[in-house]
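Counting from 1, the numbers follow the sequence of the chain as shown. In this text the structure is predicted, and so the values were computed from the model without any measurement.
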Amino acid sequence: MVYCVSVLASFRGTVQHGLPLEIGDTVQLLEKCEGWYRGFIHKNPNAKVGESLFNVMPLSPRSLTHRQFETVIPTEDSVITEMTSTLRDWGAMWKRLYVKNDGDLFHRLWHVMNEILDLRRQVLVGHLTNDRMKDVKQHITARLDWGNEQLSLDLVPRREFSMVDPDEISVTELFKLVSSIPKTRNNCLNTMEHRHRKKETPVPASTHHLFVHMKSLMSSNLGEELEVFFHVYDGKENRPLSERFFVRLNKNGLPKSPEKTERQCTLFVVTIDCVVVVLVAGRMGAGEKKNLCSVQYRRPFGCAVVSIADLLTADSKDDHLLKVYACTTESEWYQIHENIIRKVNSRYNLSGSNTGLAVSLQLLHGDIEQLRREYMVLFTRGVSITKKLGFSDIIMPGEMRNDLYMTLEKGEFEKGGKSVARNVEIMVYVLDIEGQVMKSYVAAGSGEPGGDVYHSFVLYHNNSPRWAEQIKLPIPVDMFRGSHVRFEFRHCSTKDKGEKKLFGYSFVHLMQEDGRTLPDGTHELIIHKVLGSYCAQMFWISQIVMQSCFSVRILRVVCSITLLHCLVGDMLDLLKWRAHPERINDSLLKLKEIDGSEIVKFLQDTLDTLFGILDESSQKYGLKVFDCLVHIINLLQDSKFHHFKPVMDTYIESHFAGALSYRDLIKVLKWYVDRIIDAEHQDHIQQVLKATEYIFKYIIQSRRLFALATGGQSEEEFRCCVHELFMSIRFFLSQENKITSPVTQTQAVFLRTFPAVYGELLKIFTVREVAGFVRETLGSLPATAHAECPLEAVKLHCIAKTVEMCVLVCIPESRCILLPVVLRLLQAHMQEQRDLVMCARILSSMLSLVRKYDSVATEPVVSEEVDLIVDSLLVVLMRTILEITNRPQPAGTNMRLQFQDITVCVCGEFVACLLALLRHMSDKHYQQLLQAFTSKDDLRDFLLQIFTVFRILIRPEMFPKDWTVMRLVTNNVIITTVLYLSDALRKNFLNDKFDYKVWDSYFYLSVIFINQPCLQLESFSPSKRKRVLEKYGDMRVMMGCEIFSMWQNLGEHKLNFIPAMIGPFLEVTLVPQPDLRNVMIPIFHDMMDWEQRRSGNFKQVEAKLIDKLDGLMSEGKGDETYRELFNSILLKKIERETWRESGISLIATVTRLMERLLDYRDCMKLGEVDGKKIGCTVSLLNFYKTELNKEEMYIRYIHKLYELHLKAQNYTEASYTLLLYDELLEWSERPLREFLNYPMQSEWQRKDCLHLTIVQNFDKGKCWENGIILCRELADQYESYYDYRNLSKMRASLYDKIMDQQRLEPEFFRVGFYGKKFPFFLRVSLFSTTGRFVKERTFKSRTH
């Protein structure tokens, strides 16, 4: 282990022997001495160690490992490593954006880079919580992905914010990761508000909570203690949604118990479309300024409202100062919050200019357990939970809640003989069956403990008061029977001496005689008038009169899991089946008619009832109970009740007690399965099969309970019953039916639910036994189904669920049992090209599992599995890829784009499967594969097919441009496979068994492989090039060595590839990789030698080299280094050859051609046309004419020179240039092929066209005399066609211009180029050129 560090702070290295360091550099330490280190930086390892010193600074440890190359693996967080490398690459590109004047992206990238640096500092400090660390990493990677996309850099596949090592996962998993990476756009550049956003996807409405922290009430005229009530209110339906949260404030407006945070903070369970109403319910003390009494009572003070919609845009906790409105007319107090919500608050006054309620509000997302994990500090310091009114959306088994809520709505009272109305206060008590006051069961809301009595607030002089006050009565269930709530009505007068005069009372029982509580809703109570004195215990000792003119209305809501307060009669009869056993049959029949919401609310009670009946009367009611159970199970399949499934799961695991039920459930289920074939109506049977998952859950759990209770008795009997059940299932699945047959539909229903049964069976049976059940069941399906049969698609879906969701395929001993069934079905569908999307999905999952569980311990099993997959699917898989890629595209643009997207998706997944399979194959697998071919023709077809597929995989359009990681993995698999197949090629297709087509396909693939853009490391950034070399090495060199080795094995068969392979091999040697060039250039010597043996010369080699060099170098390939290397290697190779002289001549010719082509390419890069460009082109065309005698190339460069003269407006020179081509043609009828911009025509027509063009250019250059000479030549030719009219006009025009137009005498310069500063083609050259009426000083500047 070598100790390496990562630099966390820059060091200029200005001291003697100092080593400059930048943030993120990796340094290898060699020595430490008195606070200084000696070592070297990895990006410059050639620096002298003795001169590389750096001071103590923040360093991050790293470890050094040795693979193919020396690789430094950071021990710091991988996200930090990626950030450092990425920011270094961005820095260089960011500067280039400034040079390109791309200001928009320049500034946006600058802001993102600063954000990333800020986030990086937070991570390095190490003070973040786990949740905050995840949040920061998420936003770091989002910004990295955005920047990479904007700068056209590579896509980075990640798992949990860390870059994925392609060697550590399957290729299929890598493909899924890369293809599923979201494209983050400009939204990641928003404000820091978005940085803290937890989720972009909407959260279910039932998982929102509102955190409220009461801080203070700021007002200038308090002086009294206050009570503050919070609750959630629905402004649309005008009803409260939660109970109240109660906070007591002192005279200064601050919480009375600041040390008890649970009395200041609460968590509301709310939905997203609610509003929050904050009520300040009165101050303690009389509302009058005079005649104050000593008795205090509650009076209205003010109300404030805040909307949750205002909180949706903020995920952080914000402080709010809520306006508090006072109601001048107390009779409207009950609706003040509704008017404020509707913005009708003009009638209310603010309690003061400085009055406001200071609260902290935050909207939280997730269930309560998730919030406990994410906001531990909040729950640690204490917070009360304020529940919602009514039932929870989901009632879990074992969850207990028995809360009674009463709302004092309004009352009607008479004046009582007085001139003014009463000041009415209600005192609420709860009394038990013995008439004793129940202690601590009356609460004003959450946050404060319950009391013995509740006092309503008082409305001044109001005989029809409306309170709308909510009271919570958390009474235990066992105390409900016989208990009642008593309401005492008292008149509060300021003139009395501190007494509240009792004038009436009312009461209401909590439970009716039949055991049900009083129904929810509004109840109007009669008030009993008190005429005498009152005993505080319970009874009136004087006369009591029922007063019809006194009444009070209450709103009653019961939130109870166990109290039967709202059940319909049929449901109640079922739950009380023991009291009326004669009604059991009718109750079971009527269960299906009961509303599903009633059943799911009391799911545990209902299920306990059904299994209780089954245990006691299975013979009589077994079938009906089974049908009821199926009905309830299918009820939960409805989207309306889908979220109640966890309730049933919890019930089965924790509360189900039917230890004997499994026998009856198996018996009835088998009874239904046995009658599928003969049943006329399949609807009910299909409903039974839809419930198979939960039926098996009950069967397995029942058997486990029975085994636990009896010590495992009747185990063999149970296994026999299950085997018999599966025998019946296999029999009905094996039936072949018509496509529209109801039995076929029933088979499809079972297959959809069958995979869900595996997990339950594994709780009792071994994995091999369950795998056997699955194999035999799926194997019983009819094999000769029609392609259009819907059962075929269902089969694949069943297989897909088996592979993706089942633990069976994760265990090698069960996977080997299931694999043959899966492969047989996949092979059949892929051969017929049916359901390819699903086939790709299944195969991808299977190969991912094989890779995931591949280890030393499981290597023999995995090897057998890979062998099985290769035998079954390799050839079919390659054929499928070929057929998908060769499909014709539709005509329409939209249809074509849609077709391409589907093709890329499906074909890409199949390609990933092929690569994964090939990567799994070892030497043994390749040997078995090649030995399996019985004839050479089969092997030949396989090699041609796989080489063709590989060429398809190398295509640029195979993967998106930024999928470099996928391309590199693909190339790595290809070169590995090619190395294995090379042996087969040598052994089977050489000497007398030589096959040109196979060898040609091999060489063609190899050349394309080396020339791929994604392997041209020279175009990569230094960091990317380093990563690729460390991971894969230079695969071009590997393939080049393999080409050379295979070429040497060809022997005399090399002649078959001369001169065809000269061009491809030349293209390979032009790749700027020294090792590759050293390997490949000697092949040209070999070609020259074999061509010399065959023909006595190597003219073909020379001609092909010259033809290909021009085209390749004009594309930008090749350099001066290549020219020197080509010359030196070949000269050394031919030193001892008998044809050495002719070889030297060829090499010299090609080398000189390279010199001129390189000069020509460099000159063409210049912006304007000047003498260098023209001179270089002249030199090259003369070289083609005089030394190479390449007429076609000579003509090409004539036209390139012609275009240069036209661009420079040298029309006379352009005419003389084109005249060079004209002189090569004759006035004959010889047909000429299409060439350059000339169509297919006769030689006479092309020469005529050239003459006319030349004349026009002479005309533009005012060289009319030369134009007339050509016109005379044309006249001789036109005599045979009698076309004198056009010619006469042309000649007359030229004569007229000579006579009428003035022209200056042209100036010519004789120019010589001497000295090595000029290009090779200009040295010691003399030219005569026209000055085109320019000053001599200007012309001289053009020659430099």
Sidechain N-carboxylate O distance under 4.0 Å for K1117, E1067: yes
Is the backbone N or O of M1240 less than 3.5 Å from a side-chain atom of R1233, with the two atoms forming a donor-acceptor pair by type? no
Output yes when D1089 and K1133 qualify as a salt bridge under the 4.0 Å nitrogen-oxygen rule, no when they do not. no
Any donor-acceptor pair under 3.5 Å from N1049 side chain to S1045 backbone: yes
Rounded to the nearest 0.5 Å, the NZ atom of K1104 sits from the CD atom of Q1100 at a distance of 9.0 Å
In plain terms, say whether E1120 and R1123 are close enough for a salt bridge, that is, a side-chain N and a carboxylate O under 4.0 Å apart. yes
Close side-chain approach of E1102 and T1149, heavy atoms under 4.5 Å: yes
L874 and L917 have their tightest heavy-atom pair at CD1-CD2, 4.1 Å
Can you check ring pair (Phe, Tyr, Trp, His ring centres under 6.0 Å) on H1199 and F1235, steps first, answer last? CA-CA 11 Å; H1199 284 81; F1235 180 62; 7.1 Å; no
Which heavy atom in I1129 sits nearest to a heavy atom in P1082, and how many Å separate them? CG2-CG, 4.0 Å
Q1012 side-chain N/O to F1009 backbone N/O, donor-acceptor pair under 3.5 Å: yes
4.5 Å side-chain heavy-atom contact, Y1032 and N971: no
Plane angle bin for F1065 and F1003 - parallel if under 30°, tilted between 30 and 60°, otherwise perpendicular: perpendicular
Please determine if K1200 forms a cation-pi arrangement with Y1197, meaning its NZ or CZ atom is less than 6.0 Å from the six-membered ring centre and no more than 45° off the ring axis. yes
N1182 side-chain N/O to V1178 backbone N/O, donor-acceptor pair under 3.5 Å: yes
Are E883 and R879 close enough, and set up right, to give a salt bridge (charged side-chain N to carboxylate O under 4.0 Å, His left out), and what steps lead you there? CA-CA 6 Å; E883 291 182 2; R879 189 181 304 122; 5.2 Å; no
Does any non-hydrogen side-chain atom of S982 lie less than 4.5 Å from one of E1042? yes
Would you say the side-chain atoms of R967 pair up with the backbone N or O of F959, donor to acceptor, closer than 3.5 Å? yes
Taking every heavy atom of S922 against every heavy atom of Y980, the minimum-distance pair comes out as C-OH, 4.3 Å
Apply salt bridge (charged side-chain N to carboxylate O under 4.0 Å, His left out) to K1024 and list each qualifying residue two or more places apart in sequence or on a separate chain. D154
Residue pair M878 / L914: nearest heavy atoms and the distance that separates them: CG-CD1, 4.1 Å
Quick one: are Y1221 and Y1202 in side-chain contact, heavy atoms under 4.5 Å? no
Taking the basic N atoms (NZ, or NE/NH1/NH2) and the acidic carboxylate oxygens, is any pair closer than 4.0 Å for K1207 and E1203? no
Steps toward salt bridge (charged side-chain N to carboxylate O under 4.0 Å, His left out) verdict (E1030, R1027): CA-CA 5 Å; E1030 289 176 349; R1027 288 196 302 269; over 6 Å; no
Decide yes or no for Y1194 and L1188: does some side-chain heavy atom of the first lie under 4.5 Å from some side-chain heavy atom of the second? no
Mind checking whether W999 and F947 have ring centres under 6.0 Å apart? no
Using modelled atom types only, decide if a donor and an acceptor are shared between the side chain of N972 and the backbone of L968 within a distance under 3.5 Å. no
So side-chain hydrogen bond (donor to acceptor under 3.5 Å, both in side chains) across residues 986-995, not counting sequence neighbours, yields K936-N988, R940-D995, D983-R986
Ignoring hydrogens and angles, tell me if any N or O in the side chain of Q1016 forms a donor-acceptor pair with the backbone of E1018 under 3.5 Å. no
State whether the side chain of R1161 and the backbone N or O of S1114 hold a donor-acceptor pair below 3.5 Å, judged by distance alone. no
Sole residue of L979, T977, V978, L985 in side-chain contact (heavy atoms from CB on, under 4.5 Å) with L981: T977
Of all heavy-atom pairs between L1131 and E1135, which one has the smallest distance, and what is that distance? O-CG, 3.2 Å
Can you confirm whether R1093 sits close enough to E1052 that some side-chain heavy atom of one is under 4.5 Å from a side-chain heavy atom of the other? no
What's the spacing between I946 CD1 and L953 CG if we round to 0.5 Å? 9.5 Å
dist D938:CG -> L930:CG (nearest 0.5 Å) comes out at 12.5 Å
Side chain H1085, main chain I1081, donor-acceptor under 3.5 Å: no
Can you see which heavy atom on I975 is nearest to which on M1035, and at what distance? CD1-O, 3.5 Å
Report the distance from atom OG of S1006 to atom CE of M1039, rounding to the nearest 0.5 Å. 4.5 Å
Quick check against the 3.5 Å criterion: does R1025 have a side-chain atom that pairs as donor or acceptor with the backbone of F1020? yes
Please report the interatomic distance OG1(T1217) to CG(L1204), rounded to the nearest 0.5 Å. 9.0 Å
